[in-house]
Amino acid sequence: MALAPVKGQYHLQNYKKTYQQFDWREETEFINGEKPINLTFHAIDRHIEEGYGEKPALHYVKDNQTITKTFHEVKFEIDRYVEVLRTEGVKQGDRVFVFLPKEPACYIAILAVIRIGAIACPLFEGFMTEAIHARIIDASGQVLITNKALAKRIHLNQLPSLQLTIYTEEVETRVLTGDDYVEWVTPETPMLIHYTSGSTGKPKGVVHAHRSFVHHLVTGKWVLDLHDDDIYWCTSHPGWVTGSVYGIFSPWLNRATVVIVDGRYDAKRWYRVLEDLKVTVFYSAPTAFRMLKSEQDLHLNYDLSHLRHVLSVGEPLNPEVIDWAYRAWGKRIHDTWWMTETGGHLVVNLPSQPIKPGSMGRPLPGIKVKVIDEAGLEVAPGTVGQLAVVAPWPGLMHAIWQDETKYQSYFNQTGDYLSGDYCYQDEDGYIFFTGRKDDLINTQGERVGPFEVESTLLKHEAIKEAAVIGKPDPLRGEIVKAFVTLNRSFTPTEALHQSLIQFVRAQLAPHAAPKEIEYLAELPKTKISGKILRRELREIDAASLTS
Ligand code: PRX
């Protein structure tokens, strides 16, 4: 049953009318290059110019302490990084990797890179050596901003393109001497690369341009519904697109105060932050909501009365979780759908509109979607097909880093963007996700490419062959499951099992390590090309559950 909206002063009140009337061309001066732009000017300077310099830009919760910084203070810290980068000769187009924990320095460094026209490449703090190296090598990264602790995971002598490493510890003690500097760029100037996993091959660098700030600005207003008195918390790390676009850009473009909480999920701590900081808008992922749900009545110990708008992204949001939040918190969870490549929300549930639990929502005004069959033709309502989007829109990726063929492969002959997600749309326009077209794994809302995990497993001395799938899991959406064959002289002991899991955790990233490993005498392959059949592995897995 649909959940009715609560009456309120939302930025977008009338979906149908806005959908019919809105045109991105209203923002034409920023999209078509009529004005020089830089995202950071709109995210920070503009607010100071308009008299909001003393407004808190962020509350940073570290352990049990909260540190607040105003827009002025954030600007000062950005300027310090800008000065270091410029003194060192970093320039427009250079790839600057930012490998930092979820702390203000990470947000500030990313903006400083963008401010000088260079390309920020944020890395998730959970990444280990192989994952980090693969990305820096692919982008021929010239600069790395990190801290002394995380730097231990990186072997600089294996990264020939890197010319400069900047440690936050050193920037933070630097005395600012120069003037304010901003590099004015065009809408198509690249500003950000997020590496994201595909179903095959290495992760690819999705390049975003400055023009996407228009998308971030508009969706921050309509979808996050940010108002001046909001305290906004997005739980994602800026190494993922949700953490940069809706953790930094969109809220600051809308002058909101953002909450930054270090570390990963912790139910009691998260509830305490919601209560203590009086968070009003909360953006997280289904796995986190499912974990909070499993804590049952824990929420009763906390005052959540300030919370007014809750959103989710990254993986299917179960109707039971929406039901639970409605009963327990008295709030609807608003699901949103988008991808690293789309640069911003495309399918959304708006606060002023009814929610149909199980649905990702309806297309954002300015976005036209199609559900298409294999031939590219639109299917009837209720019929499953691939979710395609009429291109372009402001947030759409600018390129895949040095891979034009890959970039082109996202579009069909009509120029529509192909998401690789299957779904159906009902008569009212609501879209329901049904699955992926490919072998991409989505675990806890994080995208994991089977190829990266398989390549890492193959580096272990015991492994002869490896194939990795996403196995459905009630809590995490999917878990990473590996099927392996062993080299002669190795047997599947508990010690080997643990060693394999630890190996992937230490080389790649904890979230990408298999939670389950099955040992087979042989992997199923196609007769002609010898390609491993992941589909058959999924069937083996499902059969073992029912037998
Ligand atoms: O399969 C869809 C799933 O996550 C993919 C995009 O992953 P990523 O680029 O890492 O971006 C995640 C956050 C923007 C999509 O192709 N996905 C994303 N949102 C949803 C979703 N699946 C179901 N429901 C969603 N709301």
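Every number for a ligand or one of its atoms is a count from 1 in the order of the listing.
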Side-chain donor-acceptor pair under 3.5 Å between S312 and H334, yes or no? no
Pairs under 3.5 angstrom, nitrogen or oxygen on both sides, ligand 1 versus protein: list them out, please.
| residue | atom | partner | partner atom | Å |
| --- | --- | --- | --- | --- |
| ligand 1 | 1 (O) | D421 | OD1 | 2.9 |
| ligand 1 | 1 (O) | D421 | OD2 | 3.2 |
| ligand 1 | 4 (O) | G314 | O | 3.4 |
| ligand 1 | 9 (O) | T340 | N | 2.8 |
| ligand 1 | 9 (O) | T340 | OG1 | 2.5 |
| ligand 1 | 9 (O) | R447 | NH1 | 2.6 |
| ligand 1 | 16 (O) | D421 | OD1 | 3.0 |
| ligand 1 | 16 (O) | D421 | OD2 | 3.0 |
| ligand 1 | 16 (O) | R436 | NH1 | 3.2 |
| ligand 1 | 17 (N) | G314 | O | 3.3 |
| ligand 1 | 19 (N) | G314 | N | 3.2 |
| ligand 1 | 24 (N) | E315 | O | 3.3 |
| ligand 1 | 26 (N) | D335 | OD1 | 2.9 |
| ligand 1 | 26 (N) | D335 | OD2 | 3.3 |
| ligand 1 | 26 (N) | T336 | O | 2.7 |

Mind checking what makes side-chain contact (heavy atoms from CB on, under 4.5 Å) contact with I137, not counting sequence neighbours? H133, L159
Charged N-O contact under 4.0 Å between K459 and E130: yes
Which word best sums up how the rings of F249 and H216 line up, parallel for under 30°, tilted for 30 to 60°, or perpendicular for over 60°? parallel
Ring-plane angle category for Y19 and Y15, please: parallel below 30°, perpendicular beyond 60°, tilted otherwise. tilted
Positive for salt bridge (Lys or Arg N to Asp or Glu O under 4.0 Å) with R447, one of E341, E478, E452: E341
